[in-house]
Amino acid sequence: MKFTIIAAAGAAALLGLPAHAASKPPVKDAKVWAAAEAARPAQLKLLEQVVNVDSGTGDVDGGRKVAAILAARLKALSFSIESVKAEAEGLPENTVARLAGTGKGRVLLIGHIDTVFGPGTAAKRPFRMDAERAYGPGVSDEKGGVVEGVYALQILHDLGFKDFKQIVFLIETSEERGSPGTRKLIDKLVADTDVELNLEPGDTPDVMTVWRKGSATFHIAVKGRAAHAGIAPQEGRNAASELIHQIQADDVFPKSGDGLTANLTIMQAGTRANIIPENASADINVRVRDKADLAKVQAVLEKNARTTQIPDTTVTISSEPSFPPLSDNPGTNALAAQAEAIYAGLGLKITRGGNGGASESALAAEAGVPALDGLGPAAGGFHADTEYLILGSVTPRLYLLTKLIESLGHAPPPRMK
């Protein structure tokens, strides 16, 4: 991976800070650190409460329950709460919390409460902790970050911090599907902010995210002809067999790595064991560092679709876009430099990295808004039963987020050109 190195004075300029600010040695804010330490028991208790409510994407009741718990906390901090109808069917409402201050900076926090886990998961493996980690569905992706956001705002409220123009906290409900229920809302909020801080988990051991891949899902649909599998199979046109042919022909892209990847994730075919399948379909999930690579993948899929192995079958290619890439950019790097300085004040080191998981930060950066991602607690095992959150990162990450909001509220960065 490649990162742009920014001189300290240059980073200060990008953040709208005086040049001498970058040369000052990092200092620990004792009041904020003490507040972050004191918040830890209640923070973990709230995390347990929301993790133990199933809220997989499309779980309307579960999403509403989690949102209600969080909205009540934010309302108690004087935030106005708006419940915004999802832009796609079958999704719970999104929550927009707003608070006006007396300063200059407009700060947007974004977190999501939908998970990739189905109903009943929380009952099967509820929230638990051992000496080093917390576990449970969505504990890190992304309920840990959302709860961290609530407590950062709690600390600032308790300290009487008002030196910001506005703080907006978007708690959305469809990120795991590419935010189909929130896309227009995100665009609207991004247009009215100076900086976006994303509460996705940090990678291990203590990494913030400065680049992400973009994503899209390509759908291969095959139409064949049904027939009795025993009496007249020759009259059928097997859609499943043709799908296998298409998938084998499409298997020319890398499966892992920092660049383009394309992976088969869903296959469906047939209805009964004694019927030649009339329909078959597959989803190919594609991740890219370069947005132009999506068009390259689509071109290969469409070319293959024009050549079928099973006569009289037809193949159709469609796509469901998700997020563009979050590319290496000066705005994000400047924010990362500021985060590194805040962490250094604690005597700790945070590093920069990236991954193939897409997020809303790419939309902010594409609109010219400086964005920093991976600010939730450090974690791993995402989208699997092994998902975990590193407990040792909870308090330092809460401190970091609180100080970033405070600093950016006081001195917002310029938009990127």
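We number each residue from 1, following the sequence as shown. Below, all heavy atoms of this structure are taken into account, side chains as well, without hydrogens, waters or symmetry copies.
Lys255 NZ: more than 12 foreign heavy atoms inside a 6.0 Å radius.
One N or O on the side chain of Lys213 and one on the backbone of Gly259 form a donor-acceptor pair closer than 3.5 Å. Between the side chain of Asp251 and the backbone N or O of Ala249 there is no donor-acceptor pair closer than 3.5 Å. Listed for the Thr402 side chain is a donor-acceptor partner under 3.5 Å among the backbone atoms of Leu398. With Thr121 contributing its side chain and Gly118 its backbone, the two residues share a donor-acceptor pair below 3.5 Å. Listed for the Asp54 side chain is a donor-acceptor partner under 3.5 Å among the backbone atoms of Gly120. Between the side chain of Gln166 and the main chain of Asp192, a donor-acceptor pair closer than 3.5 Å is present. Side-chain atoms of Arg212 never come within 3.5 Å of backbone atoms of Pro325 as a donor-acceptor pair (strictly under, hydrogens ignored). One N or O on the side chain of Ser393 and one on the backbone of Ala378 form a donor-acceptor pair closer than 3.5 Å. Distance alone, capped at 3.5 Å, places no donor-acceptor pair between the Thr313 side chain and the Ala239 backbone.
At least one side-chain heavy atom of Ile266 sits under 4.5 Å from a side-chain heavy atom of Gln268. A 4.5 Å side-chain heavy-atom check between Leu109 and Ile405 finds at least one atom pair inside the cut-off. At least one side-chain heavy atom of Leu159 sits under 4.5 Å from a side-chain heavy atom of Val32. Put simply, the side chain of Ile220 does not reach to within 4.5 Å of the side chain of Ser281, judged on heavy atoms. Side-chain atoms of Phe127 and Leu47, non-hydrogen and from C-beta on, do get closer than 4.5 Å to each other. Counting heavy atoms from C-beta outward, Arg98 and Ile167 have side chains that stay 4.5 Å or more apart. By the 4.5 Å heavy-atom criterion applied to side chains, Leu391 and Leu44 are counted as neighbours. Taking the side chain as every heavy atom from C-beta outward, Ser241 and Gln309 never approach each other to under 4.5 Å.
Ion pairing of Arg397 with Asp206 is present here, as a side-chain N (NZ or NE/NH1/NH2) and a carboxylate O approach within less than 4.0 Å. No salt bridge links Arg415 with Asp194; every basic N to acidic carboxylate O contact stays at or beyond 4.0 Å. For Glu340 and Arg352, the salt-bridge test passes: some basic side-chain N is under 4.0 Å from an acidic carboxylate O. One finds no salt bridge joining Asp258 and Arg289 here, because no Lys/Arg side-chain nitrogen approaches an Asp/Glu carboxylate oxygen to under 4.0 Å. Between Lys184 and Asp187 no salt bridge is recorded (no basic side-chain N to carboxylate O distance below 4.0 Å).
For the residue pair Ser359 / Asp373, a side-chain donor-acceptor distance below 3.5 Å is found, with atom types taken as modelled. There is a side-chain donor-acceptor pair under 3.5 Å between Glu387 and Ser140. Side-chain contact annotation: Asn94 with Glu82, donor-acceptor N/O pair under 3.5 Å absent. Between Asp283 and Thr217, the side chains place no donor N or O within less than 3.5 Å of an acceptor N or O (distance only, hydrogens not considered). With 3.5 Å as the limit, one finds no donor-acceptor pair spanning the side chains of Glu302 and Asn304. Using modelled atom types, one finds no donor on one side chain facing an acceptor on the other under 3.5 Å when comparing His245 with Gln248. In summary, the side chains of His112 and Asp141 do present a donor paired with an acceptor at a separation below 3.5 Å, with no hydrogens or angles considered. Counted by atom type alone, Arg225 and Asn238 present zero donor-acceptor pairs between their side chains at under 3.5 Å. Using a 3.5 Å distance cut-off with no hydrogens or angles, the side chains of Glu87 and Thr182 do not pair a donor with an acceptor. Under the 3.5 Å distance criterion, with hydrogens and angles disregarded, a donor-acceptor pair is assigned to the side chains of Ser55 and Lys143. Residues Asp29 and Tyr399 have side chains that never bring a donor and an acceptor to within less than 3.5 angstrom of each other.
Across Val96, Ile171, Leu74, Leu70, a single residue satisfies side-chain contact (heavy atoms from CB on, under 4.5 Å) together with Ile81, and that is Leu74.
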### Query
Are Ser407 and Gln338 close enough, and set up right, to give a side-chain hydrogen bond (donor to acceptor under 3.5 Å, both in side chains), and what steps lead you there?
CA-CA 9 Å; Ser407 177; Gln338 187 172 6; 2.3 Å; yes

### Task
Please report the C-alpha distance between Ser174 and Asp114 in whole Å, then the side-chain angles of each, then the deciding distance to 0.1 Å, and finally whether the side-chain hydrogen bond (donor to acceptor under 3.5 Å, both in side chains) criterion is met.
CA-CA 6 Å; Ser174 61; Asp114 63 310; 5.9 Å; no

### Task
Go through the steps to decide whether Leu153 and His157 satisfy the test side chain to side chain contact (heavy atoms under 4.5 Å, CB included), and finish with yes or no.
CA-CA 6 Å; Leu153 298 174; His157 171 271; over 6 Å; no

### Message
Test side-chain hydrogen bond (donor to acceptor under 3.5 Å, both in side chains) on Glu172 and Ser179; report intermediate values, then the result.
### Response
CA-CA 8 Å; Glu172 72 137 319; Ser179 299; 2.6 Å; yes

### Message
Run Asp328 and Asn333 through side chain to side chain contact (heavy atoms under 4.5 Å, CB included) and show every step you take.
### Response
CA-CA 8 Å; Asp328 185 64; Asn333 280 313; 3.1 Å; yes

### Task
Could you give me the CA-CA distance, side-chain angles and deciding distance for Lys223 and Glu278, then say whether side chain to side chain contact (heavy atoms under 4.5 Å, CB included) is met?
CA-CA 6 Å; Lys223 185 71 174 180; Glu278 180 180 12; 3.1 Å; yes

### Query
Do Leu189 and Phe169 pass the side chain to side chain contact (heavy atoms under 4.5 Å, CB included) test, and can you show the C-alpha distance, the side-chain angles, and the key distance before you say yes or no?
CA-CA 10 Å; Leu189 295 178; Phe169 191 177; over 6 Å; no

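Residue Asn198 holds its CG atom at 10.0 Å from CG of Leu363, rounded to the nearest 0.5 Å. Rounded to the nearest 0.5 angstrom, Leu46 CG and Ile69 CD1 are separated by 7.5 Å. Atoms CD1 and CD1, from Ile317 and Ile284 in turn, are 8.5 Å apart once rounded to the nearest 0.5 Å. Between the CG atom in Leu375 and the CD1 atom in Ile110 there is a gap of 12.0 Å [rounded to 0.5 Å]. Atom CZ in Phe117 sits 12.0 Å away from atom NZ in Lys124 (nearest 0.5 Å). Between Arg64 atom CZ and Asp59 atom CG the span is 10.5 Å, to the nearest 0.5 Å.
The nearest pair of heavy atoms linking Leu260 to Val297 is CD1-CG2, 3.8 Å. Among all heavy-atom pairs drawn from Met208 and Ile350, the shortest one is CE-CG2, 3.9 Å. For Ala371 against Ala364, the heavy-atom pair with the smallest separation is CB-CB, 4.1 Å. Pairing each heavy atom of Gly178 with each of Ser322, the nearest pair is CA-OG, 3.1 Å. The shortest non-hydrogen separation linking Ala262 to Val286 is CB-CG2, 4.0 Å. Minimum heavy-atom separation, Leu372 to Thr209: CD1-O, 4.0 Å.
For the pair Arg73 and Tyr151, the NZ or CZ position fails the cation-pi test of under 6.0 Å to the six-membered ring centre and within 45 degrees of the ring normal.
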